[in-house]
There are 2 protein chains.
Amino acid sequence: MEKQEAFPITYSVLGLLAFMGPMSGYDVKRAFDHMLSPMWGAAHSQIYKELRRMENLGWVTMEREEQEDRPDRKVYSITTKGQEALADWQTQPADNLQMRDELLLKLLFGSFAPPGALAANVRESIMHHEQRLLQYRANVQYLPVLENALQHHTTNESHATGAKSTGMKRPNPYAPQHETEPYLNQVARFAVAFEETYLKWLYETLDAIEGRNEQ
Amino acid sequence: MEKQEAFPITYSVLGLLAFMGPMSGYDVKRAFDHMLSPMWGAAHSQIYKELRRMENLGWVTMEREEQEDRPDRKVYSITTKGQEALADWQTQPADNLQMRDELLLKLLFGSFAPPGALAANVRESIMHHEQRLLQYRANVQYLPVLENALQHHTTNESHATGAKSTGMKRPNPYAPQHETEPYLNQVARFAVAFEETYLKWLYETLDAIEGRNEQ
DNA sequence: TATATCATGTAATCGGTTACATGATTAA
DNA sequence: TTAATCATGTAACCGATTACATGATATA
């Protein structure tokens with residue numbers, strides 16, 4: 001087997017291009033933060049790199065939009081080959097979940113630290129995740145709204161670069177009907193379920209630490 | 001602020017040395033896989049690197065145990081400075097959870113892939129996580145056993161390398177009393193809760209995909 | 001007036017993964 | 001007797017994070 005040519009982030013970016021249409025790296029970053037940050041984080045510099053990588057692979061094409069005040073926009077579009085690569089990746093089995101949570105680490109070796117500091121950390125985490133939970137709950141309820149908001153980045157503004165006029169067909173047999181996006185919704189539901197579980201555990205943990213502390 | 005000198009994995013390794021006593025890199029890797037893999041993965045090569053890093057920082061010391069058939073064992077021990085660094089890290093706030101799950105990614109863009117393949121992936125994931133759940137449940141119940149099993153790596157075998165005779169004191173004010181390790185237990189409980197939530201969602205997702213498929 | 005945010009991207013560095021080595025013992 | 005597993009570690013490479021650049025507009 002030849003050297004690996006693409007990775008989860010690669011496909012994340014590819015998926016966003018498939019899902020939301022042609023975009024610049026900057027737009028991809030925005031979309032990424034909105035939709036994917038809970039399950040995979042990425043710096044913008046890396047997204048640009050993945051776009052270049054995929055250009056070399058022929059999975060996307062780039063059209064340069066010249067601008068004056070700012071650097072030119074490089075607008076990327078998924079190709080047919082890219083669509084195939086995406087679907088192929090999704091078909092391959094994949095099951096490696098890595099949960100990188102520093103708080104869990106700190107708590108695991110909790111017996112080496114002053115309980116007060118740990119409790120403070122847990123409290124901070126609780127606030128943070130309560131926030132996220134609210135956000136995710138809103139997402140589940142207002143998914144169509146979110147989708148529109150995201151679409152606007154692509155659909156408003158003048159991007160009559162001719163990309164469409166080249167006939168770059170995207171028939172896309174599985175193209176999402178944006179009336180309802182059940183997969184998106186399903187993942188959003190997971191985010192909610194996860195945050196609820198995590199929060200419940202955090203409260204439980206706080207009780208345990210403080211109960212152990214006093215008394 | 002000077003360049004960052006240590007990272008989550010660094011402290012993970014350090015914590016294991018504090019928790020289980022002097023070990024070689026190989027032993028650390030074993031312990032790592034047992035205790036930390038759910039929340040932070042690491043290749044053995046990286047663990048060796050972290051040990052070297054910490055040696056330079058003065059957080060650990062190394063004693064070489066010569067062997068014939070195999071490469072020499074380099075046994076690392078945490079120093080007082082290392083213990084301070086560990087506790088200090090735990091005291092700092094930390095809340096960045098990154099959950100890297102390829103399956104979630106694949107499902108998110110599910111509308112671009114054949115539902116049958118997705119369902120197959122979900123089924124495989126279900127089997128995998130059912131396994132993990134059983135394992136974690138056993139951990140919660142038999143924690144003392146697990147701890148003993150891990151301890152044995154360090155406590156059996158001949159390691160009278162003189163490390164102890166140098167008077168390397170490890171008074172360790174918060175040293176875990178191995179009768180019960182409440183923090184370890186608490187984290188194990190999280191692992192169980194997480195797997196339960198994840199599995200429930202996987203089943204739900206499978207239903208959704210298949211329900212949509214037939215009918 | 002200074003600081004953030006919008007907007008876009010490149011370059012350098014470092015964490016993390018994969019590959020490379022070596023040899024003994026145990027299992028298929 | 002071929003292949004895992006035990007055992008132990010180094011070297012090379014690549015994904016991912018941090019830093020570097022640039023210049024507008026909006027906000028405090």
### Query
Taking only side-chain nitrogens and oxygens of A/Arg52, does any of them come within less than 4.0 Å of OP1 or OP2 of C/dT10?
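Answer is yes, contact under 4.0 Å.
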Contact list (N/O, under 3.5 angstrom) for nucleotides 19-27 of chain C vs protein:
none

### Message
Base, sugar-phosphate or nothing for A/Lys74? Non-hydrogen atoms, less than 4.0 Å.
### Response
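Contact class for A/Lys74: sugar-phosphate only.
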Separation of [N] [atom2] from [X] [atom1] (nearest whole Å):
X: A/Gln46; N: C/dA12; atom1: CD; atom2: P; value: 18 Å
X: A/Ile47; N: C/dG9; atom1: CD1; atom2: P; value: 12 Å
X: B/Glu50; N: D/dT8; atom1: CD; atom2: P; value: 20 Å
X: A/Asp27; N: C/dG9; atom1: CG; atom2: C1'; value: 13 Å

#### Entry: Greater than 12 external heavy atoms within 6.0 Å of B/Arg100's CZ
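Counting other residues, nucleotides and ligands, CZ of B/Arg100 exceeds 12 neighbours.
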### Atom CD of B/Gln98 with >12 non-hydrogen neighbours under 6.0 angstrom
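Atom CD in B/Gln98 is packed in, count exceeds 12.
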### Task
Using a strict cut-off of less than 4.0 Å between a Lys/Arg side-chain nitrogen and an Asp/Glu carboxylate oxygen, indicate whether B/Glu196 and B/Arg137 qualify as a salt bridge.
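Salt bridge: yes.
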### Query
Atom CZ of A/Phe194 and atom CG of B/Asp101: how far apart are they, to the nearest 0.5 Å?
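One finds 11.0 Å between CZ of A/Phe194 and CG of B/Asp101.
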### Query
Which of these nucleotides, C/dT8, D/dT17, C/dT17, is closest to any side-chain atom of B/Ala43?
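Out of C/dT8, D/dT17, C/dT17, the nucleotide with an atom closest to B/Ala43's side chain is C/dT17.
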### Query
Considering only side-chain heavy atoms of B/Arg53, which listed nucleotide, C/dG15, D/dG9, D/dT17, is closest?
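Nucleotide nearest to B/Arg53's side chain: C/dG15.
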### Query
Quick one: on DNA chain D, does B/Gln98 or B/Tyr76 contact a more 5' nucleotide (nearest heavy atom)?
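First, find each residue's nearest nucleotide; the 5'-ward one identifies B/Tyr76.
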Throw together a table of side-chain donor-acceptor distances under 3.5 angstrom for residues 115-123 of chain A, partners on residues two or more places apart or in other chains.
| from | atom 1 | to | atom 2 | distance (Å) |
| --- | --- | --- | --- | --- |
| A/Asn121 | ND2 | B/Gln90 | O | 3.1 |
| A/Asn121 | ND2 | B/Gln92 | O | 2.9 |
| A/Arg123 | NH2 | A/Glu210 | OE2 | 2.1 |

### Query
B/Glu50: what forms a side-chain hydrogen bond (donor to acceptor under 3.5 Å, both in side chains) with it, not counting sequence neighbours?
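With sequence neighbours excluded, B/Glu50 shows a side-chain hydrogen bond (donor to acceptor under 3.5 Å, both in side chains) to B/Thr10, B/Arg53, given in chain and number order.
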